[in-house]
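Bear in mind the structure is a predicted one, so any value in this text is a computation, not a measurement. Throughout, protein chains are lettered first and strands after them, A, B, ... in sequence-line order, and every chain is numbered starting at 1.
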Amino acid sequence: MLTGKQTWSFVSGPRILGTGTVVGSKEGRGPLGDRFDLVHDDPYVGQDSWEKAECKMLEQAQEKAVFKAGLSMEAIDVAIAGDLLAQITSANFAARTAGRPMLGIFSACATSMQAVALAAALVEAKAARYALAATSSHNSSAERIFRFPTEYGAQKPPTAHCTVTGAGAAVVGAGITGVRVSSATIGKVIDLGVQSPWEMGAAMAPAAVDTIVQHLKDTGRSVDDYDLIVTGDLARVGHPIARELLGRQGHDVQDRFQDCGILMYDEHQPEVFSGGSGPACCACVTFAHLLRQLEEGEYRRILVVATGALLSTVTAQQNETIPCVAHAVCFEAGTS
Amino acid sequence: MSVKMGVDQKRYQVFLKGRQPVRPWFRNSVRAFFTGGATCLLGQGIQELIVHYYHFSEKEAGNPTVAILIMLSALLTGLGVYDKFGQWAGAGSAVPVTGFANSIASAALEHKTEGYVAGVGSNMFKVAGPVIVYGVVAAFAVGLVRYLLTHD
């Protein structure tokens with residue numbers, strides 16, 4: 001049901017029935033290392049290319065999510081997935097293995113919450129009993145597409161991000177237990193003129209702020225109604241900028257404001273720069289950590305705002321500025 | 001793009017000033033100076049050894065020295081060390097011979113999965129290509145100027 005201008009309210013109460021998260025070794029050594037279902041020390045995950053490794057992780061995350069939901073893959077009515085690679089390779093190739101009806105989506109690092117929002121909408125509309133939302137990224141396959149060869153000795157600036165190696169999946173369906181997906185706000189594409197692909201935090205911050213403000217306006221709530229508002233991958237540079245922009249619009253988020261890119265790595269880990277990014281960043285932190293905190297009763301209601309920079313290597317080389325988008329999903333604890 | 005968007009973009013760029021960490025250029029320069037210098041010193045050392053032990057003339061020792069540096073750099077690239085060195089040393093790691101070898105070896109490694117012709121062959125000079133193109137163009141320009149000045 002449309003509430004306000006951009007927000008979908010889910011009245012039937014679709015829930016997260018199971019989640020699966022698979023990460024690489026750097027993520028495993030981070031502060032949330034023991035929260036993930038599977039940590040791979042081998043960056044190739046036993047495969048012979050980075051792309052196959054990413055696909056494998058996505059398959060594993062999906063299988064894990066379905067298993068933890070107490071279902072079999074055949075019970076999934078529709079899978080919604082996307083990733084960073086051209087032609088969303090990982091998502092489509094993993095879907096080949098799963099053999100379920102598949103909708104491929106792309107909104108860069110905002111894919112995770114776009115997938116959850118769409119899955120919840122399909123369950124709400126009874127177009128699916130069980131919908132699988134999934135996404136993945138791999139540091140090396142992303143480096144190769146968006147930056148330099150992985151072993152090339154180029155120096156990155158402190159505003160750079162570290163693309164998370166991992167995959168996250170969640171089964172959304174009607175159920176009686178589990179975290180509820182109560183609403184979702186679909187973001188507008190916003191471009192405030194940041195050009196450098198090394199400054200994605202600053203580029204994406206306005207999109208995150210726009211979606212958060214719109215969500216609050218649509219639902220008639222204030223930031224105090226949330227125990228936590230968490231952005232996808234603004235990291236240590238973009239997150240304070242978003243906080244300041246929110247403050248200027250009269251939303252004082254205080255200590256209720258976090259970021260998956262900051263939560264993923266320890267500040268002192270080597271070569272994480274300003275923090276994590278990539279579709280898997282928001283997916284893994286949300287599914288493995290934040291949803292569990294909701295289940296454990298630490299929070300009642302949180303808003304996850306996945307942020308995506310919609311650039312391509314061609315547009316970056318043609319000196320285009322970076323359009324960004326943010327999709328928000330509101331998760332609420334257990335009963336009612 | 002709407003007019004308002006253009007105005008907003010300008011305002012946001014002004015807002016961002018000082019809100020993003022800048023590259024530590026002084027530290028980077030110092031590191032680049034010493035690591036770049038050390039790499040050259042290593043090359044000089046290798047050359048001296050070749051002259052001393054194999055009785056090459058200083059000019060003849062140039063080629064084997066470069067070959068050894070290329071092999072070292074390619075080896076360190078393959079072992080996954082050179083990119084870490086590059087992040088630490090910055091421009092110091094881009095010193096012609098080793099930096100150039102790294103750019104070729106890393107691109108070759110990266111595209112190994114697409115086969116030896118379409119992958120390695122056509123992507124090997126992806127990073128190093130511009131250096132060659134503009135190196136040749138610059139050499140032509142300098143050579144032309146020199147010719148015009150010295151030729152009578």
Side-chain angles (χ1 to χ4, degrees), chain A residues 43-44 47-53 140-141 143-145 147-160 162 188-196 198-203 205-207 209-210 235-245 248 270-274 320-323, chain B residues 1 5-17 19-25 28 31-32 35 73-74 76-95 98-114 119 123-124 126-128:
Chain A
Y44 280 105
Q47 308 297 304
D48 54 17
S49 74
W50 307 123
E51 290 74 19
K52 282 184 192 165
S140 298
S141 65
E143 285 289 312
R144 169 191 172 126
I145 288 195
R147 298 174 197 111
F148 296 111
T150 40
E151 300 300 333
Y152 181 57
Q155 192 175 41
K156 290 179 185 169
T159 50
C162 173
K188 294 190 290 243
V189 174
I190 287 180
D191 180 348
L192 283 191
V194 174
Q195 207 180 61
S196 167
W198 298 116
E199 297 171 7
M200 299 238 262
V209 170
D210 188 79
R236 291 185 175 81
V237 175
H239 195 252
I241 293 173
R243 178 188 291 277
E244 203 176 331
L245 290 173
R248 286 182 173 210
E271 295 196 17
V272 299
F273 310 102
S274 68
E320 280 257 27
T321 52
I322 306 172
Chain B
M1 196 187 298
M5 198 71 183
V7 176
D8 283 349
Q9 286 191 341
K10 281 208 185 85
R11 276 175 46 205
Y12 188 58
Q13 296 309 311
V14 174
F15 167 80
L16 280 182
K17 289 233 162 69
R19 284 182 167 82
Q20 293 196 85
V22 291
R23 284 180 189 257
W25 62 269
N28 284 357
R31 281 184 185 176
T35 49
S73 171
L76 291 175
T77 302
L79 293 174
V81 177
Y82 205 93
D83 62 322
K84 294 189 176 67
F85 169 62
Q87 179 61 37
W88 193 86
S93 72
V95 178
T98 53
F100 199 72
N102 163 251
S103 73
I104 294 172
S106 62
L109 269 176
E110 191 79 6
H111 293 278
K112 198 179 62 184
T113 51
E114 293 122 88
N123 289 296
M124 211 167 170
K126 206 166 79 173
V127 187

[X] versus chain B, heavy atoms under 4.5 Å apart: side chain, backbone, both or neither?
X: A/Ser274; answer: neither
X: A/Ala202; answer: both
X: A/Glu271; answer: side chain

Considering all heavy atoms of both residues, which atom of [X] and which atom of [Y] are nearest to each other, and what is their separation?
X: A/Thr159; Y: B/Pro21; result: CG2-O, 3.5 Å
X: B/Ala107; Y: A/Pro149; result: CA-CG, 3.8 Å
X: B/Gln9; Y: A/Gly193; result: NE2-N, 3.4 Å
X: A/Gly153; Y: B/Asn102; result: N-OD1, 2.9 Å

Any chance you could lay out the side chain to side chain contact (heavy atoms under 4.5 Å, CB included) test for B/Asp83 and A/Glu143, step after step, and finish with the verdict? CA-CA 12 Å; B/Asp83 62 322; A/Glu143 285 289 312; over 6 Å; no
Quick check on the interface: out of B/Lys126, B/Lys112, B/Glu114, who has the most heavy-atom pairs with chain A under 4.5 Å? B/Glu114
Heavy atoms from other residues, nucleotides or ligands near CZ of B/Arg11 exceed 12 (cutoff 6.0 Å): no
Heavy-atom donor-acceptor pair, A/Arg144 side chain to B/Glu110 backbone, under 3.5 Å: yes
Test item: B/Phe15 and A/Leu192 side chains (from C-beta on) under 4.5 Å apart, heavy atoms: no
Side chains of B/Thr113 and A/Asp48: does their closest heavy-atom pair fall under 4.5 Å? no
Does the pair B/Gln87 and A/Lys156 meet the rule for a side chain to side chain contact (heavy atoms under 4.5 Å, CB included), with working shown? CA-CA 7 Å; B/Gln87 179 61 37; A/Lys156 290 179 185 169; 3.6 Å; yes
Working to the nearest 0.5 Å, report the span between CZ of B/Arg23 and CD of A/Gln155. 6.0 Å
Measuring from atom CD1 of A/Ile190 to atom OH of B/Tyr12, what distance do you get when rounded to the nearest 0.5 angstrom? 10.5 Å
Heavy-atom distance under 4.5 Å to chain A: side chain of B/Asn123, backbone, both or neither? neither
Structural part of B/Ser93 lying under 4.5 Å from a heavy atom of chain A: side chain
So which of A/Lys52, A/Glu51, A/Arg248 has the biggest tally of heavy-atom pairs under 4.5 Å with chain B? A/Arg248
Could you tell me which residues satisfy ring-ring contact (aromatic ring centres under 6.0 Å, His included) with A/Tyr152, sequence neighbours excluded, listed by chain and number? A/Phe148
